Number of protein chains: 2
Amino acid sequence: MSGEDNLLKLVEAEEPDENDYRLQEQVGFILRKAHQRHVSIFAAHIADLTPPQFAALAKLHDVGETSQNQLGSLIAMDAATVKGVIDRLKARGLVELSKHEVDKRRLLVNLTAEGRDAIEQLIPIAREITEETLAPLSAKEVATFMRLLAKLT
Amino acid sequence: MSGEDNLLKLVEAEEPDENDYRLQEQVGFILRKAHQRHVSIFAAHIADLTPPQFAALAKLHDVGETSQNQLGSLIAMDAATVKGVIDRLKARGLVELSKHEVDKRRLLVNLTAEGRDAIEQLIPIAREITEETLAPLSAKEVATFMRLLAKLT
DNA sequence: GCAAATTCATTCGTATGCAAATGATATCAA
DNA sequence: TTGATATCATTTGCATACGAATGAATTTGC
């Protein structure tokens with residue numbers, strides 16, 4: 001190894017971090033891009049519903065009537081966000097609201113017949129969306145990726 | 001095996017999908033949650049800047065003066081979004097705008113001295129944010145995860 | 001060299017997403 | 001029982017995020 005190589009190595013050792021922060025390689029940045037891509041794929045398949053709206057309908061279909069807050073925690077939305085989502089679904093006649101008989105603080109949310117029809121029609125399409133989102137990966141890679149992604153939650 | 005078991009199996013075979021759409025296992029849903037978690041970690045370390053604002057500053061620090069649109073494509077933001085981000089950074093004195101001498105359509109963006117100081121202070125913290133986001137994974141898992149995540153972009 | 005197409009930036013409208021504050025109701029604890 | 005706490009929902013304010021429409025400036029294609 002020459003003296004110049006030693007000098008180079010020394011300089012690199014002194015400042016390994018300062019000069020090479022690569023935004024494009026940070027997990028947060030790529031996570032944001034991957035999420036953007038998924039939303040775009042979703043919109044291409046389901047134009048008249050957003051992913052959060054779909055999530056709300058799918059979860060209501062799964063668990064039946066629940067309170068707005070409870071639904072929010074099931075689909076990872078805070079109270080303010082879930083309220084907006086439910087308001088818009090209600091305006092379109094896909095869900096209906098009612099007051100909890102015992103606990104007067106709670107606002108119960110449920111699918112309407114139309115909402116139930118809608119989500120049942122959409123679930124097969126949602127499977128395609130998942131498939132297309134994961135299309136760049138092999139079956140084995142999908143399994144690995146989903147396992148690790150779930151660990152980050 | 002009883003006749004009832006056969007019937008059950010037949011019904012299941014006919015509709016393998018209808019009855020078991022699990023929102024919590026869909027890549028889009030988990031991606032959204034993982035992104036939310038990252039943003040929350042980011043906010044805990046850097047309270048006075050959002051991830052998109054940080055991305056803009058970091059990229060400007062990297063490439064120097066660029067047009068607003070060019071910056072947007074470098075950090076994966078459409079024109080409308082990047083405008084809002086830059087407007088807010090400008091209002092805080094972290095970036096400055098100027099007109100392109102030749103191409104009068106372009107609006108050039110550059111760091112101010114204050115913006116340069118800020119991003120250089122923040123980069124080490126950003127490394128910690130990346131580390132904390134990936135903390136649930138081992139070093140080997142991180143490498144695998146980042147490789148697969150990048151494939152989805 | 002000029003009309004058509006493209007690019008850059010802006011604006012508008014809609015939809016998350018979250019912090020913080022507020023009011024109503026329920027629950028807990030002394 | 002009642003006073004302190006906690007929970008549920010709402011509202012406000014701010015910050016992405018993107019489609020679509022618009023206008024100004026540039027580039028292309030013939």
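From a predicted model like this one, the values you see are computed outputs, not experimental measurements. Quick note on labels: first sequence line is chain A, next is B, and so on, each numbered from 1.
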Is B/Val85 touching bases, backbone alone, or none of the nucleic acid, heavy atoms closer than 4.0 Å? sugar-phosphate
Would you call the rings of A/Phe54 and A/Phe42 parallel, tilted or perpendicular if under 30° counts as parallel and over 60° as perpendicular? perpendicular
Distance test, side-chain N/O of B/Arg88 to OP1/OP2 of D/dT16, below 4.0 Å: yes
Can you identify which nucleotide, out of D/dC8, C/dT16, C/dC8, has its nearest atom closest to the B/Asn69 side chain? C/dC8
Position toward the 5' end of DNA chain D (nearest nucleotide), A/Lys83 or A/Gln36: A/Lys83
Please identify which of these residues, A/Asp87, A/Val85, A/Leu71, A/Leu57, meets the side chain to side chain contact (heavy atoms under 4.5 Å, CB included) condition with A/Val95. A/Leu57
Presence of B/Gln70 side-chain N/O under 4.0 Å of C/dT7 phosphate oxygens OP1/OP2: no
Could you tell me whether A/Glu141 and B/Arg147 make a salt bridge, using a distance below 4.0 angstrom between a side-chain N and a carboxylate O? yes
C/dA15, OP1 or OP2 - any side-chain N/O from A/Thr50 closer than 4.0 Å? no
Indicate, with a heavy-atom threshold strictly under 4.0 Å, whether A/Asp103 touches base, sugar-phosphate, or nothing. sugar-phosphate
Less than 4.0 angstrom between a side-chain N/O of B/Ser67 and OP1 or OP2 of C/dC8, yes or no? no
Walk me through whether A/Gln26 and B/Thr130 qualify under side chain to side chain donor-acceptor pair (under 3.5 Å). CA-CA 6 Å; A/Gln26 305 304 308; B/Thr130 292; 2.7 Å; yes
For A/Thr81, report the nucleic acid contact type (base, sugar-phosphate, nothing); a contact means any heavy atom under 4.0 Å. base
For C/dG17, does OP1 or OP2 lie under 4.0 Å from any side-chain N or O of B/Arg32? yes
